[in-house]
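Reading through the structure tokens given below for one structure.
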Amino acid sequence: MKVLKFGGTSVGSPERMKGLEELIGTVNGRKIIVLSAVAGTTNTLVDIAQNCLRGDSLKAIRICNDLKEQYDQFVADLYTKPESLKLANELLNDRFSLIQKLLEGSFSPEQEKIILAQGEILSTTLFFYYLKEQGEQVAILPALEFMKTDQEGEPIISFIEEKLGNLLDAHKDIDLFITQGYICQDYQRKVSNLRRGGSDYSASLIGAAIKAEEVQIWTDIDGMHNNDPRVVSNTRPIAHLSFNEAAELAYFGAKILHPQSVFPAQKYNVPVRLLNTMNPQAPGTLISKEGREKGVIKAVAAKDGISAIHIHSSRMLMAYGFLRKIFEVFEKYKTPIDMITTSEVAVSLSIDEVTFLDKIVEELQQFGAVDVDQDQTIVCVVGDFGANTHGYAARVLDSVKHLPLRMISYGGSDYNVSILLDTEHKVEALRSLHNRLF
Ligand code: ADP
Ligand code: ASP
Ligand code: MG
């Protein structure tokens with residue numbers, strides 16, 4: 001069985017949805033189609049919820065009405081049979097009156113999550129009606145019934161495996177399934193989500209749960225490029241990446257993949273292919289166990305919104321247990337550390353989750369002097385940096401020698417070198433690395 005995930009632009013218009021039917025038809029075998037919301041919808045739903053949380057429910061209602069109008073047009077252009085159009089209009093009335101009702105009452109993050117879930121419910125149901133209209137044998141697998149996270153917000157693979165298995169068993173005669181990306185139930189069975197861009201994560205989790213033959217992530221570009229195409233020109237797609245390399249790039253900012261989306265597929269050794277809906281013939285990128293290449297620098301990615309924390313203490317000198325005490329502060333505030341470098345009397349760390357930054361700094365001050373630099377960017381270079389290679393790390397540093405660097409991390413793994421610098425130097429760093437490495 002294969003899992004095919006289509007992003008927002010791939011379902012972004014009635015024409016695209018029609019084209020999808022054709023595209024799906026070219027992939028052999030039993031398959032689960034995972035859809036994102038129509039491009040722009042989740043952003044609009046966030047906007048609606050934010051306005052409501054801010055107390056401007058009139059504005060929220062206005063944006064909601066505009067969105068409904070866009071969908072009215074969408075369905076009018078998508079279907080040819082009156083029965084399908086009737087079903088679609090009923091769906092729109094149902095979903096949009098639910099949103100309106102939520103906006104009227106007292107509004108909390110719980111209601112916000114229900115609103116955010118409507119984008120994927122709309123796209124999948126509209127596509128389902130379209131396939132039915134075309135005479136396809138197809139079933140919907142409701143993600144809210146099988147996709148679940150625990151108290152820490154981590155997906156529970158065993159639950160997904162069991163519930164999804166049951167749903168598939170109930171449809172033994174069907175070869176084509178549609179499900180929602182992004183949305184899930186939390187540990188209290190309330191509607192939740194896997195964070196922005198989470199449909200990639202859904203696809204990988206589903207692929208892992210059913211031990212799929214392959215997960216295909218269909219988007220608007222021909223695979224993982226060797227640098228950020230939004231910032232650097234002349235980037236090109238990479239044919240093959242290892243799971244580790246792809247995970248590193250996704251985690252450190254390559255927007256084409258949700259930061260956590262490689263791990264489930266990697267754990268169950270399910271290959272992931274990145275493909276282009278707008279150019280289905282392009283080979284794209286294959287992510288698998290075998291993707292490493294000796295002596296090759298593969299790609300560069302960047303992650304913004306980083307804060308660097310520097311702790312200086314002479315008590316650290318020759319002391320053991322010092323780092324443990326520091327790490328415990330981050331553990332207490334459930335804040336992951338991205339980069340770390342140490343010297344005899346100081347340690348620098350970087351984080352991207354700043355909710356508890358003030359509290360963390362306050363607690364760290366008992367160990368020494370603490371400085372914080374905000375608006376930092378991690379630039380991550382992925383490739384073969386094994387212990388017996390030489391010269392590659394030097395090439396990376398040489399490419400950014402004209403820029404002030406805040407931290408350098410090398411040797412943590414043999415497939416990555418990371419540098420931390422002020423975000424104002426990011427674009428120059430990416431371009432310069434591109435020119436000198438590729
Ligand atoms: P989807 O809506 O299909 O999930 P996304 O917008 O989330 O699509 O991801 C695709 C986009 O990621 C591309 O259009 C591209 O601009 C951006 N992107 C950033 N870094 C990379 C990279 N290294 N390789 C390819 N695309 C990238
Ligand atoms: N629709 C969600 C978002 O915009 C999930 C996704 O597209 O992957 O974040
Ligand atoms: Mg995406």
Side-chain angles (χ1 to χ4, degrees), residues 1-12 16-17 19-39 41-42 117 119-128 131 138-144 146-147 155 157 160 164 168 176-184 193-224 241 243 246-247 250 254-266 268 270-280 282 284-288:
M1 204 159 176
K2 287 182 183 148
V3 179
L4 281 66
K5 176 259 169 176
F6 292 91
T9 36
S10 303
V11 291
R16 288 264 154 77
M17 268 201 187
L20 265 201
E21 191 209 1
E22 218 172 291
L23 205 165
I24 289 164
T26 63
V27 179
N28 297 328
R30 225 174 165 213
K31 56 215 156 201
I32 300 179
I33 311 298
V34 180
L35 297 187
S36 295
V38 168
T41 296
T42 310
E120 272 69 13
I121 292 175
L122 285 172
S123 64
T124 48
T125 317
L126 293 177
F127 189 51
F128 173 72
L131 292 181
V138 53
I140 287 218
L141 305 167
L144 294 177
F146 67 82
M147 192 58 76
I157 289 261
I160 303 167
L164 186 56
L168 290 171
L176 179 59
F177 298 92
I178 301 176
T179 190
Q180 299 84 20
Y182 178 59
I183 63 175
C184 63
N193 61 63
L194 301 172
R195 309 231 179 115
R196 295 305 307 272
S199 299
D200 304 327
Y201 201 15
S202 305
S204 179
L205 287 162
I206 293 169
I210 63 166
K211 316 284 179 295
E213 186 186 327
E214 179 170 290
V215 171
Q216 300 181 351
I217 308 278
W218 289 85
T219 178
D220 57 2
I221 191 164
D222 49 357
M224 176 75 81
L241 285 169
F243 284 121
K255 193 202 168 213
I256 186 170
L257 281 175
H258 177 282
Q260 284 153 293
S261 60
V262 178
F263 301 116
Q266 175 170 29
Y268 293 87
V270 178
V272 178
R273 221 177 264 282
L274 308 181
L275 294 159
N276 188 355
T277 315
M278 322 303 155
N279 182 16
T285 300
L286 173 65
I287 302 167
S288 71

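Because the structure is a prediction, the values reported are computed rather than measured.
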Query raised in the report: Between the main-chain N or O of Asn276 and the side-chain N or O of Thr219, is there a donor-acceptor pair closer than 3.5 Å?
Result: no
**Report entry** Ile178 side, atom CD1; Glu120 side, atom CD - distance, nearest 0.5 Å
**Finding:** 13.5 Å
Report task. Taking the side chain as every heavy atom from C-beta outward, state whether Thr179 and Leu164 have any pair of such atoms under 4.5 Å apart. Result -> no
Query - side chain to side chain contact (heavy atoms under 4.5 Å, CB included) against Thr41, all qualifying residues, sequence neighbours excluded - result: Ala37, Val38, Leu45, Leu67, Tyr71
Report summary line: For Thr124, the side chain to side chain donor-acceptor pair (under 3.5 Å) test, sequence neighbours excluded, returns Gln180
Report summary line: Ser261 meets the side chain to side chain donor-acceptor pair (under 3.5 Å) criterion, sequence neighbours left out, with none
Report summary line: With sequence neighbours left out, the residues meeting salt bridge (Lys or Arg N to Asp or Glu O under 4.0 Å) with Lys2 are Glu213
Query raised in the report: What's the shortest heavy-atom distance between Lys211 and Tyr268, and which atoms?
Result: CE-CD2, 3.4 Å
Query - Under the salt bridge (Lys or Arg N to Asp or Glu O under 4.0 Å) test, residues paired with Arg30 that sit two or more places apart - result: Asp175
Report summary line: residues 200-224 vs ring pair (Phe, Tyr, Trp, His ring centres under 6.0 Å), sequence neighbours excluded, gives Phe6-Trp218, Tyr201-His258
Requested in this report: Enter the distance from Phe177:CZ to Ile210:CD1 here, rounded to the nearest 0.5 Å.
Outcome: 9.5 Å
Requested in this report: Tell me, please, which residues at least two apart from Lys255 pass salt bridge (Lys or Arg N to Asp or Glu O under 4.0 Å).
Outcome: none
Query raised in the report: Taking the side chain as C-beta and beyond, is there a heavy-atom pair between Ile160 and Met147 under 4.5 Å?
Result: yes
Query raised in the report: Nearest 0.5 Å, what's the CD-NZ distance between Gln216 and Lys31?
Result: 9.5 Å
Requested in this report: Quick one: pull up CZ in Arg196 and CG in Asn193 and give me the separation to the nearest 0.5 Å.
Outcome: 9.0 Å
Query raised in the report: So how far is it from Leu205 CG to Asp200 CG, rounded to the nearest 0.5 Å?
Result: 11.0 Å
Query raised in the report: Within the side chain of Ser204, is there an N or O that forms a donor-acceptor pair under 3.5 Å with the backbone of Ala265?
Result: yes
Requested in this report: Could you pull out all residues at least two apart from Asp222 that satisfy side chain to side chain donor-acceptor pair (under 3.5 Å)?
Outcome: His225
**Report entry** Heavy-atom closest contact (Ser10 atom, Thr277 atom, distance)
**Finding:** OG-OG1, 2.7 Å
Report summary line: Shortest non-hydrogen pair, Val138 vs Phe128, comes out as O-CE1, 3.4 Å
Query raised in the report: Where is the tightest heavy-atom contact between Ile157 and Ala208, given as atom of each residue plus distance?
Result: CD1-CB, 4.0 Å
Query - side chain to side chain contact (heavy atoms under 4.5 Å, CB included) partners of Ala203, counting only residues at least two apart - result: Val3, Lys5, Val34, Val215, Ile217
Report task. For Ser36, check side chain to side chain donor-acceptor pair (under 3.5 Å) against everything at least two apart and list the hits. Result -> Ser199
Report task. Could you tell me which non-hydrogen atom of Phe263 sits nearest to which non-hydrogen atom of Ala247, and how far apart they are? Result -> CE2-CB, 3.8 Å
**Report entry** For Thr285, all residues meeting side chain to side chain contact (heavy atoms under 4.5 Å, CB included), sequence neighbours excluded
**Finding:** Met224, Leu241, Leu274, Ile287
Requested in this report: Quick one: pull up CG in Leu35 and CE in Met17 and give me the separation to the nearest 0.5 Å.
Outcome: 6.5 Å
Query raised in the report: Listed by chain and number, what are the salt bridge (Lys or Arg N to Asp or Glu O under 4.0 Å) partners of Arg16, not counting sequence neighbours?
Result: none
